Q: 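Please see the structure below; I have some questions.
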Amino acid sequence: MTILVTGGAGFIGSNFVLDWIRTNGEPVINLDALTYAGNLANLASLQGNNAHHFVRGSIADGETVGQLLRDNAVRAVVHFAAESHVDRSISGPAPFFETNVMGTLHLLEAVKAYVGTLDADSKAGFRFLHVSTDEVYGTLTKDEPPFAETNPYKPNSPYAASKASSDHIVRAYHETFGLNTIVTNCSNNYGPLQFPEKLIPLIIHNALKGKDLPIYGDGLQVRDWLYVGDHCSAIRRVLEAGKPGETYNIGGDNQKTNIEVVKRICALLDAKRPKADGSSYTSQITHVTDRPGHDRRYAIDARKIESELGWTPEADFDGGIEKTVDWYLNNESWTAEVTSGAYRDWIARQYA
Ligand code: NAD
Ligand code: DAU
């Protein structure tokens, strides 16, 4: 048996591939286009491991996808590949619709054609797990209950709109073509191997470089943080026991304001890597212009995955963020490698 993972050189995808091979061992075909966000260094520890087969290619290339599915008798697809950064979707929306919408459509077409050739048992056992986001539900006020699977879709950013579209297409392939699809909608992930354009690794990186720590607007926006290892265990569980045609929300029950998160990182760095002049990293905090259409609050109601599949997260925020800060302190060469040319151009434009 083999699974096909798309986007397995990105942040969550590479954590998932490493976790899958460690805990399950079933072979993985890892299809990734290696955009700026994909990094083979994330998978260096799998070099020489026959359970991991990396293929550079796009989910939009139906011929390649079809061949990989057939040649490896794939039994499940876990679909991570996407353009994933909200700010980039605001400065340039088109790639988000090309990859997240049209790419997912082409991928589904190739999968549908392949599944059509399988015998009845293999067809019934086949799974297409689409990894999506809580951002499809829009934003919450301070007192609204967390997002449940029954919440209406109200995406606010081009990124969220593209993921919402892809969720609808995946659902349609279940309803119309009988493909065994499942959608997961997850809250903000953090942990090792996250590209330093996202809040937590950006703050750690900038702090260590003596740069400003940019807080959009008042910094009181709330995110529900989930340690990436817990997202991986949730996906494994959904793949194993989730019901085709269903959606499962995944969250960490860790609602924090951005300013709380940034101050927590500063406190950890103050203790672990004190600044030479004795000042706190908090002195680098700078409030900058807010993100247009900035969602105020996300929070996930994860009762369905808990009651139906018995999944709960293991990491609490204090433990998870300390592990994360430690990882970045111990892997500064990883960050140095990914913050080269193209990254610096983006940061210069975004924070000008
Ligand atoms: P990421 O940006 O770190 O990685 C995306 C990966 O997809 C990269 O390796 C990139 O090279 C690859 N990719 C892009 N276009 C491709 C294409 N056309 N064909 C093949 N590969 C392509 O993203 P991430 O943060 O790891 O997110 C992974 C998935 O999880 C995304 O679908 C995202 O929407 C979803 N998600 C992310 C979070 C989060 O907090 N990061 C939370 C919930 C859901
Ligand atoms: O909720 C899940 C989503 O979480 C995923 O679907 C996305 O792929 C992922 O990027 C993430 O989206 P966010 O926009 O919430 O994450 P980001 O790390 O970009 O920002 C987190 C919060 O921090 C958000 O309120 C914006 C704020 N922020 C971000 C950056 C990069 C700042 O205040 N300053 C910054 O420099």
Side-chain angles (χ1 to χ4, degrees), residues 5-16 30-40 42-43 55-61 64-65 78-90 95-96 98-100 102-104 106-107 130-137 139 147 155-157 159-160 162-163 166-167 184-191 193-203 206 212-226 228 231 235 250-251 256-259 261-262 285-291 294-300 338 347 350-351:
V5 167
T6 73
F11 163 49
I12 306 173
S14 61
N15 274 284
F16 178 81
N30 182 352
L31 176 68
D32 196 297
L34 295 183
T35 67
Y36 78 93
N39 184 358
L40 279 182
N42 298 356
L43 302 157
V55 178
R56 184 174 190 176
S58 174
I59 51 169
D61 176 356
T64 298
V65 173
V78 186
H79 178 33
F80 294 96
E83 290 293 335
S84 71
H85 192 37
V86 173
D87 294 320
R88 287 184 191 255
S89 83
I90 295 167
F96 286 74
E98 283 153 15
T99 298
N100 302 358
M102 293 311 291
T104 299
H106 291 306
L107 177 67
H130 177 60
V131 180
S132 191
T133 171
D134 59 358
E135 301 201 10
V136 299
Y137 299 120
T139 186
F147 300 128
N156 290 321
S157 71
Y159 162 70
S162 70
K163 291 296 291 188
S166 66
D167 292 8
T184 55
N185 294 93
C186 187
S187 60
N188 286 64
N189 283 217
Y190 68 102
L193 303 170
Q194 186 168 31
F195 195 76
E197 64 189 353
K198 307 281 166 60
L199 180 71
I200 288 178
L202 179 104
I203 293 299
N206 281 16
D212 288 348
L213 308 182
I215 304 282
Y216 296 164
D218 62 12
L220 297 179
Q221 304 82 5
V222 172
R223 297 292 181 265
D224 180 353
W225 293 97
L226 180 73
V228 65
H231 192 185
I235 291 172
I250 304 170
K256 304 269 176 234
T257 62
N258 293 338
I259 192 76
V261 170
V262 171
I285 291 176
T286 312
H287 287 265
V288 300
T289 309
D290 208 352
R291 172 187 280 174
H294 197 171
D295 286 337
R296 195 67 182 165
R297 173 173 165 248
Y298 303 143
I300 282 279
V338 300
I347 293 291
Q350 172 66 6
Y351 297 98

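Order of listing sets the numbers, starting from 1, for every ligand and every atom in it. For clarity, every value in this text was computed on a predicted model and none was experimentally measured.
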Q: Would you sort out whether Ser84 and Lys163 count as a side chain to side chain donor-acceptor pair (under 3.5 Å), showing the intermediate values?
A: CA-CA 9 Å; Ser84 71; Lys163 291 296 291 188; over 6 Å; no
Q: Considering only heavy atoms of Gly57, which atoms of ligand 1 have at least one such atom less than 4.0 Å away?
A: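 Answer, ordered by atom number: 19 (N), 20 (C).
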Q: Is Asp32 salt-bridged to Arg56, going by a charged N under 4.0 Å from an acidic O?
A: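 A salt bridge is absent here (no side-chain N lies under 4.0 Å from a carboxylate O).
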Q: So is Thr133 polar-close to ligand 1, meaning N/O to N/O under 3.5 Å?
A: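 Between Thr133 and ligand 1 (N or O atoms, distance only) the closest approach is not under 3.5 Å.
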Q: Atom 3 (C) of ligand 2: which protein heavy atom is closest, and how many Å away?
A: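 Answer for atom 3 (C) of ligand 2: Glu135 OE2, 3.0 Å.
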Q: Taking N or O atoms only and a 3.5 Å limit, does Ala33 qualify as a polar contact for ligand 1?
A: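 Yes; at least one N/O pair falls below 3.5 Å.
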Q: Could an N or O of ligand 2 be found under 3.5 Å from any N or O of Tyr216, whether backbone or side chain?
A: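 Tyr216 vs ligand 2: N/O contact under 3.5 Å present.
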Q: Please list, in number order, the atoms of ligand 1 under 4.0 Å from a heavy atom of Tyr159.
A: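 Atoms satisfying the 4.0 Å criterion: 33 (C), 34 (O).
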Q: Report, in ascending order of atom number, the atoms of ligand 2 lying under 4.0 Å from any heavy atom of Tyr351.
A: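 Listed by number with element: 30 (C), 31 (C), 35 (C), 36 (O).
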Q: Report the nearest protein non-hydrogen atom to atom 27 (O) of ligand 1: residue, atom name, distance rounded to 0.1 Å.
A: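 Ranked first by proximity to atom 27 (O) of ligand 1 is Ile12 CD1, 3.8 Å.
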Q: Can you report which non-hydrogen protein atom sits closest to atom 32 (O) of ligand 1, along with the distance?
A: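 In this structure, atom 32 (O) of ligand 1 has Lys163 NZ, 2.6 Å as its nearest protein heavy atom.
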Q: Checking a contact table here: which protein heavy atom is nearest atom 16 (O) of ligand 2, and how many Å away?
A: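 Ranked first by proximity to atom 16 (O) of ligand 2 is Asn188 ND2, 3.4 Å.
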Q: Report, in ascending order of atom number, the atoms of ligand 1 lying under 4.0 Å from any heavy atom of Gly38.
A: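 The atoms of ligand 1 under 4.0 Å from a heavy atom of Gly38 are 8 (C), 9 (O), 11 (O).
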Q: Parallel under 30°, tilted from 30 to 60°, perpendicular over 60°: which one fits the rings of Phe16 and Phe80?
A: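 It falls in the tilted class, 30° to 60°.
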Q: Have a look at ligand 1 and work out which part of His79, if any, has a heavy atom under 4.0 Å from it: side chain, backbone, both or neither.
A: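 It is neither; nothing of His79 touches ligand 1.
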Q: If we only count N/O pairs under 3.5 Å, is Ala60 in contact with ligand 1?
A: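 By distance alone, the answer is no.
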Q: Which residue and atom name correspond to the protein heavy atom nearest atom 29 (C) of ligand 1, and how close is it?
A: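 Among all protein heavy atoms, the one nearest atom 29 (C) of ligand 1 is Phe80 O, 3.2 Å.
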Q: Does an N or O anywhere in Ala81 fall below 3.5 Å from an N or O of ligand 1?
A: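 No; every N/O pair is 3.5 Å or more apart.
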Q: With heavy-atom distances below 4.0 Å as the criterion, list the atoms of ligand 2 near Tyr298.
A: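 Numbered from 1, ligand 2 contributes 1 (O), 15 (O).
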Q: Run the numbers for me: atoms of ligand 1, each under 4.0 Å from some heavy atom of Leu34, listed by number.
A: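 Those of ligand 1 that fall under 4.0 Å from Leu34 are 11 (O).
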Q: Please list, in number order, the atoms of ligand 1 under 4.0 Å from a heavy atom of Val131.
A: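 Taking each heavy atom of Val131 in turn, ligand 1 has 30 (O), 32 (O) under 4.0 Å.
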Q: Where is the nearest protein heavy atom to atom 4 (O) of ligand 1: which residue, which atom, and how far?
A: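 The protein heavy atom lying closest is Gly10 CA, 3.4 Å.
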Q: Which is it for Val288 and ligand 2 at heavy atoms under 4.0 Å: side chain, backbone, both or neither?
A: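 No part of Val288 comes within reach of ligand 2.
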Q: Applying a 4.0 Å heavy-atom criterion (strictly less than), which segment of Leu199 is in contact with ligand 2: side chain, backbone, both, or neither?
A: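 Under 4.0 Å from ligand 2, Leu199 contributes backbone and side-chain atoms.
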Q: Look at atom 12 (C) of ligand 1 and find which of Thr99, Asp32, Ile235 reaches it with the closest heavy atom.
A: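 The option holding the nearest heavy atom is Asp32.
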Q: Closer than 4.0 angstrom, basic N to acidic O: yes or no for Arg296 and Asp218?
A: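 Looking at Asp218 together with Arg296, the answer is yes, because their closest N to O distance falls below 4.0 Å.
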Q: Do Cys186 and ligand 1 have an N or O pair less than 3.5 Å apart?
A: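 No.
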Q: Mark the output for His294 as yes if a heavy-atom distance to ligand 2 is under 4.0 Å, and as no if none is.
A: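 Heavy atoms of His294 do come under 4.0 Å of ligand 2.
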Q: Of the protein's non-hydrogen atoms, which lies at the shortest distance from atom 8 (O) of ligand 2, and what is that distance?
A: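 The protein heavy atom lying closest is Ser84 O, 2.7 Å.
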Q: Using a strict 4.0 Å cut-off to heavy atoms of Ser187, name the atoms of ligand 1 that fall inside it.
A: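 Listed by number with element: 42 (C), 43 (C).
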Q: Against heavy atoms of Asn188, which atoms of ligand 1 measure under 4.0 Å?
A: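 That gives atoms 40 (O) of ligand 1.
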Q: What residue and atom, counting heavy atoms only, is the protein's closest point to atom 23 (O) of ligand 2, and at what distance?
A: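 It is Asn258 ND2, 3.3 Å.
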Q: The criterion is salt bridge (Lys or Arg N to Asp or Glu O under 4.0 Å); which residues satisfy it with Arg223, sequence neighbours excluded?
A: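 So Arg223 forms no salt bridge (Lys or Arg N to Asp or Glu O under 4.0 Å) with any residue.
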Q: Mind checking whether Asn189 has an N or O less than 3.5 Å away from an N or O of ligand 1?
A: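 There is such a contact, yes.
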Q: What protein heavy atom is closest to atom 2 (O) of ligand 1, reported as residue, atom name and distance in Å?
A: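 Here the nearest protein heavy atom works out to Ser84 OG, 2.7 Å.
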Q: Using distance alone, decide if ligand 1 has a nitrogen or oxygen within less than 3.5 Å of any nitrogen or oxygen in Ser58.
A: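 Yes, since at least one N or O of Ser58 sits under 3.5 Å from an N or O of ligand 1.
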Q: Among all protein non-hydrogen atoms, which one is nearest to atom 25 (O) of ligand 1, and what is the separation to 0.1 Å?
A: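 The protein heavy atom lying closest is Phe11 CD2, 3.8 Å.
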Q: Provide the number and element of each atom of ligand 1 under 4.0 Å from a heavy atom of Thr35.
A: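 Answer, ordered by atom number: 10 (C), 11 (O), 14 (C), 15 (N).
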Q: What residue and heavy atom of the protein are closest to atom 44 (C) of ligand 1, and at what distance?
A: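 Checked against all protein heavy atoms, atom 44 (C) of ligand 1 sits closest to Ser132 O, 3.1 Å.
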Q: On a heavy-atom basis, I'd like to know which of Lys256, Arg291, Lys198 is closest to atom 19 (O) of ligand 2.
A: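 Comparing heavy atoms across Lys256, Arg291, Lys198, the nearest one to atom 19 (O) of ligand 2 lies in Arg291.
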Q: What protein heavy atom is closest to atom 5 (C) of ligand 1, reported as residue, atom name and distance in Å?
A: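 Result for atom 5 (C) of ligand 1: Ala82 O, 3.4 Å.
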Q: Judged by non-hydrogen atoms, does Glu197 sit under 4.0 Å from ligand 2?
A: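 Glu197: in contact with ligand 2 (<4.0 Å).
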